[in-house]
Each structure stands twice: as structure tokens, then as C-alpha cells.
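Just the heavy atoms: all of them, side chains too, but no hydrogens, waters or symmetry mates, feed the values below. Every number for a ligand or one of its atoms is a count from 1 in the order of the listing.
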Amino acid sequence: MKFRSLALLLLITTCVSAQQAEIIPRPKTQVSPKVYVPFILSPATEIVLEGSNMDNSVDFLNQYLQKNYLFTLKVVKESTSKNVIRLNFERLDGAYPGAYNLKVDKSGIYIAGDNEEGVFYGIQSLIQLLPVPDARLKMRPNTLKIPFISIEDEPRFAYRGMHFDVSRHFFPVSYVKKYIDYLALHKLNYFHWHLTDDQGWRIEIKKYPKLTSVGGWRDGTIIGRYPGTGNDSIHYGGFYTQEEIKEVVAYASKRYITVIPEIEMPGHSMAALTAYPELGTDPKGGYSVSQTWGINDVYNNVLNPSEYTFGFLQDVLDEVMPLFPAEYIHIGGDECSKTWWHQSEFCQQLMKEKGIKDEHGLQSYFIQRIEKYVNSKGKKIIGWDEILEGGLAPNATVMSWRGEQGGIDAAKQHHYVIMTPGNPVYFDHTQSQNEDSVTIGGYNPIEKVYAYDPVPKELTAEESKYILGAQANLWTEYIGFPSKVEYMLFPRMAALSEILWTPKARKDSADFFRRLETQIKRYELWGANYSKAWYDLKSTVLPAPGNNGLLWKLESKRKSDKIVYTTILPSGKKFAYTAPVKITGNFIAQANIETPGKNMPLTSVRFQFNKATGKKLTLTEAPSPSYPGDGGFTLVNGVINEQGFARSREFIAFSGKDCDALIDLGTSQKIHQVTVHAMERKSSWIWAPERAEVQGSTDGVNYAPLGTSYDFQPAGFGVQKGKLVMAFGDTYARYLKVKVYNAGKIPDGNPGSGKNAWLFVDEIAVD
Ligand code: ACM
């Protein structure tokens, strides 16, 4: 018994040991004395208020201490003690609200904010100076060593945002508050609340009760990734009452976070149309709250630009605007298919009357009318970058999501801009090469988020002033519960906070990723889930010397990591990894970093050999820089992309172009079949090949046609990949010309109609 308590004591002593100042986002300046001296924060420490209106900061700190260290601090007006945290105001010259100074020395802890927000951010930095106890221990230390330090800090951008879609999946008020706390802990200051969409209307509007009683619910939800493997037939939904909305807004306000509501128009309105079909362009109605996603262009979810609709929207905005003190209302404006307005007699007549030349002009007319109304109530609109098409509303702020171009164009027109490009700040996108949960796709690892700068290079210094900041978006099609929310948010939110707060000159990725280790311990302390993608091994496949087999190379981000791998085929043995592994036949293995007591992510590989594996492959035309893979070698690296789209290095892609490959098998040999593995996801403009052709030669000069196939065989329902097989009689060949034809222009009635189709090729197998 005695022995056990000694062990526990030792454990607690080690976990309160000295901590370096590892603050994310990195402060503007941070100076530590040469000799480490700690201040000891304990239940005896007093908070001394030397200014007024500091309750928000004090409450946040005490709640944080209570939750994570099981004690709180007493608040006093004055004290002669040196065991104090003094909070004060000082005039500091920050470009935006929120500047603060933080000093820890022999006279205690002193935080001076330029304003209330500044004090609050000083408290956030103080929280990050606290040692992080091991989250698994029930007992918590109550003598916390804080290093002496001097910090001067201020935000780089005025707008530091995070978005949350509660339409595709609904989250209760309690979780929305937790989400807001996460923003506060990362010094973010705008919460963009995506409250309406095709899959559910989530805000009570008293004048139109059916918006929530009907539009807030759907009778089922797609299973798996679109197009899905079925529907769960479960009645699903929910909404926030106006009282709950006020509660969230007040909660955010105490954390210096402004809540911007988004009410989508004129597209993404299926839930509203289901409740009030008279808002639509289709007199037959027949709307129902969407149970699926990913097909915006092909169903009618569009509001009719009628007087009834404008009256309705004004009524809705009349109830929404007083709930949110924010200067801005987000009115959506994205992905509004023009097909339905084009087909509508009413819309065509309206366009004639108003002298509007096309449907983009009609969208512009729609947004400008709404802007005028919102402006008349003393507020401004934000819209997604589609609001640029057909002419910007005069005072609108643009949220640039389809890359940076919308933001660049808007800034050049002297409109304010919030940057939120899908690549890299859509946090619904995959962050790991080894993702095994369903996501919407893409590949936005934390390294890419950290490398992002919100001010596009194309802008002059003058134009750059229109960039208010940036925001990451969390769309929840494939995010149905809190642990998945956190898995997608963390640790990428840490990188977001640093690109928005820290002066550009202070950004340093090596230093960031060192501090991230501590931030990850904080996530564990908070009980927040997070992605371990940062610990992913980098797995590379290289041709072996002489094009004889493959080399499997593994790299960890930290040189000190011990990498191990276990083979499943040919034998179930475990090996320490020291150098690239030579592979000459079918091989399946899993690798990871050996970390006792911790489950590290597995990197798995499966090499399927055929006569072309590891051989030389030359492409006539390089793939798109967006999907370059490892060049032509990707097509003969033995890895068939069984995991769908997550392993973005395992395929190469061509926009509107064919894939033209020459394979050298090394020697002339007997072959009877060539198989082209390709992918298909029409919602993302990726079409199966129109056809594939193969020609063979023994001398590399004279080629004979061997086979052609138009028959794309899907690997299974919803798998989004398949193959074309070209079988022929036994033939001798050394050289093979394989041409895979792009599907060309996308036909009408499909997402991206009239645009170039993408061709995604994964592997070419020769048997
Ligand atoms: C968006 O992602 N449709 C704004």
C-alpha cells in the first residue's frame, strides 16, 4: 500500500515539472530569462482586478482551472501579496482589438489588455503556460509551475473565423457552446453559424412555424459516401428556439466571439421550400427536405425571385437580425443552379421587365434587393463568392471559397473579403493519407493549413487591406457526432489560429510543430478528440534499381521515432524498419511508430504484382499539377487504390485530356491481358474513361493493336472505381502503348455540365 502511494506521488511530481512556454498561436514577441525560474500558481494565488469589466476573463480562467486542475482562485480588488495575477488595462498600439502584454516575474503575473478582449487573450496565453497534466490521471496537480516570461502580443487579422454547419447534422446548444470554447482557446473571434440548408432549417422563425416543424426534419439520411449504399430511414432533425439562439450569442459574447448567422438564399433552400412550396419556381411543388448531398446542380432547391419570396425573406430577416448583434448577416448565395430560373416562365418574364440579361444577372438582382433591405436595417451582408457573378452588391463582403480568385477579384473591386478557400481550409476534407473514416474527400493536412497565407500574392499592399482575415469551414455531411467534429477540427485549428494571429515574420513551421506536441496534450486534457494524422508515416513507393521490383520507403516527421512494420503477406513477422524495403512479389504490411502505451496510426500497404509492376512507364503528357501522383510511375507501382479517394498520391488525373502511356517490360514476354484501373465520381466531375486501347511491340518500332475496351466495370455499388479489361490471345511484347481516353465534355443534366471531365487513372496491370 505504502509502495503504491509513493509511486503515485512520483507520478504527480513528474507531471508538474517545468514546462517551456509553448503558446499557440505564437506571440508577437516572447522573452524568457536565461535562467529558468518558475512562478508557482496554486489555490492560494489571488486574482487582483486593477480595471473594471474583467468578469469574462476571470470566469473563463476559473472555469478552466476548475475543470482541468480542480481548483479556482479568489478574486480581490487589491493585495500586497506577490502570489497574484494582476489584470489591468494599458494603452497598447495594436492594429486590431485584442493586444495585450503578459509578464511573469518575481512580483507575480501581470496581464495588461488594450481592451477587455486583450485581457481575455492574455488569459488564454496564461492558460497555455500552465503545465499540462496527463489526462489519464484522476488526481490533478495544484502547484503549477509557470516560467518567468515577458510577452507582447496582438492579432494579425481582425477576422479570425470558424464555421459550423448544423444543417446536414444537428448539434445541441450544449455542444455549440463547447465548440465556441474551442474557438476562444485558439484566440478566434468569429463564429459563422450555418443555420439553413437543403437538409434542415435550424432556427425558429415565429411567423413561419413550418420552417422548423416541417423544414427542420428529414425522413432519412444517406448511408456512406454519396451516392451512398442506402438510406437509414431514420426521422432526423432539430432546431434552436430564439431563446436558445440568444443564449448562444450571449455565451459567445463573453468569449469576445461574434456570431454571424447564415440564412441561405437563393439556392440551398430545399428545407424552406418543403415548408413553404409557394417560395419555389416549380408550381407542382413536390419538395422534400433532402436526405442526401452532393447533387446541388441537379435538383431544384432554388427560391423564386417573386414578391412573395422577398416578403418572406424580409420577415425572416426581421426576426433573425435582432437576435444577432453582429454587424454582418451571411446570406449564402453559393451554388444556386440557374437551370430552374432558365426554365421558369415567371423568371424569364421578370428578366425582360427588369432588363436583366441572364440568370447570373437575376442572382445579382436577388442579392442586391436583399442587401438593400439588410443595409436599411443598419447591417451588412456577407455572401459566398458566387455573388460576384452578374455584379457585386454595392456593400457586400465576399467569402472566397472556390479558391482564392473570388477574394482577389473582390479586393480589386475594393470590397471586403474573408478568405476561406476549400484548399486548404475546408476542415471537412481529409487530413491523412491513411484516412479510414468517410470524409467528403480532398486532402488538407495540417502542414498545408499552416503554409497558407490569407493575403493572396496577386494583391497590392493597398488591395490587401480589404482582406479582413480568413476562416475554416466545417461542413457536416459526413460529421454526425461530436468526436468526429473534433477529429476533423484538431489539430488543424491550431494551425488556423497561428496563420490568423501571428505576425507573418514570426511564422515558423519547425517551431510550430514542436509546440503542437504540447497542444495535443492539451486536447487530451480537455477530453477533445483529435486526428493523429500528424504522426502518419510517409510511405513512398520507388522503382528498385534496374526496374526490378519496388522499394518501400518509410519516413517519420521526427528523426527519433522508431518505425516498425509487420508483414501480413508473405509472413506475419514484425521488423524494425531501417532502410527502404525491397519488394519483388505480392506483399501486405502495416507500419507504425513504436510508442509504448499509445495507439499510433497505422500506415498500411498492399502491393499486387503483375508484369508491369516496377517497370519503366513514360507519359506523353504530364498529369494535372493538382493530381500529379508520382508521375507515370504511380500507374505501375503495384498499389491499386482500394481506399477510394483518400490516398491522393495513388492516382494521376487529367482535365479534359487523355492519358497516353508507354510501358517497357524490360524483356519481350508472353502476355494476354492489359487492365486499366480508373475512378468515377460524377458529382466531382470525374468520369470513367470513354475507352482504353493497347498496342504491343517487341522492338519498340513496329506496333500492332492488341485490344480496345469501352466497358468500364465498376468495382461495386458506390465504390467509385472500376476497370477496363483488354484481353487478347497470347502475344509476345516488350513495349506497350496504353491510351486511356477522357470522357470529354460533361453532358447536360450532370454536375459541371459543359465543362471538361476529369480522368483519374490509378494503375495499369499487364498479365
Ligand atoms: C460552399 O462550400 N458551398 C460555400
For ligand 1, list every N/O pair with the protein closer than 3.5 Å, one pair per line with the distance.
| from | atom 1 | to | atom 2 | distance (Å) |
| --- | --- | --- | --- | --- |
| ligand 1 | 2 (O) | Y426 | OH | 2.6 |
| ligand 1 | 3 (N) | D334 | OD2 | 2.6 |
| ligand 1 | 3 (N) | E335 | OE1 | 3.2 |

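With values rounded to the nearest 0.5 angstrom, N423 atom CG is found 11.5 Å from Y443 atom OH.
H330 and W193 have their aromatic ring centers separated by at least 6.0 angstrom.
The ring pair (Phe, Tyr, Trp, His ring centres under 6.0 Å) with H169 is formed by just one residue from the set Y236, F481, W475; it is Y236.
With a 6.0 Å cutoff to the six-membered ring centre and a 45° limit on the axis angle, K448 does not count as a cation-pi contact of Y450. Annotation: cation-pi geometry not satisfied between R369 and Y373 (NZ/CZ under 6.0 angstrom from ring centroid, within 45° of ring axis). A cation-pi arrangement is not found for K484 relative to Y478, the charged atom failing to lie both closer than 6.0 Å to the ring centre and inside a 45° cone about the ring normal.
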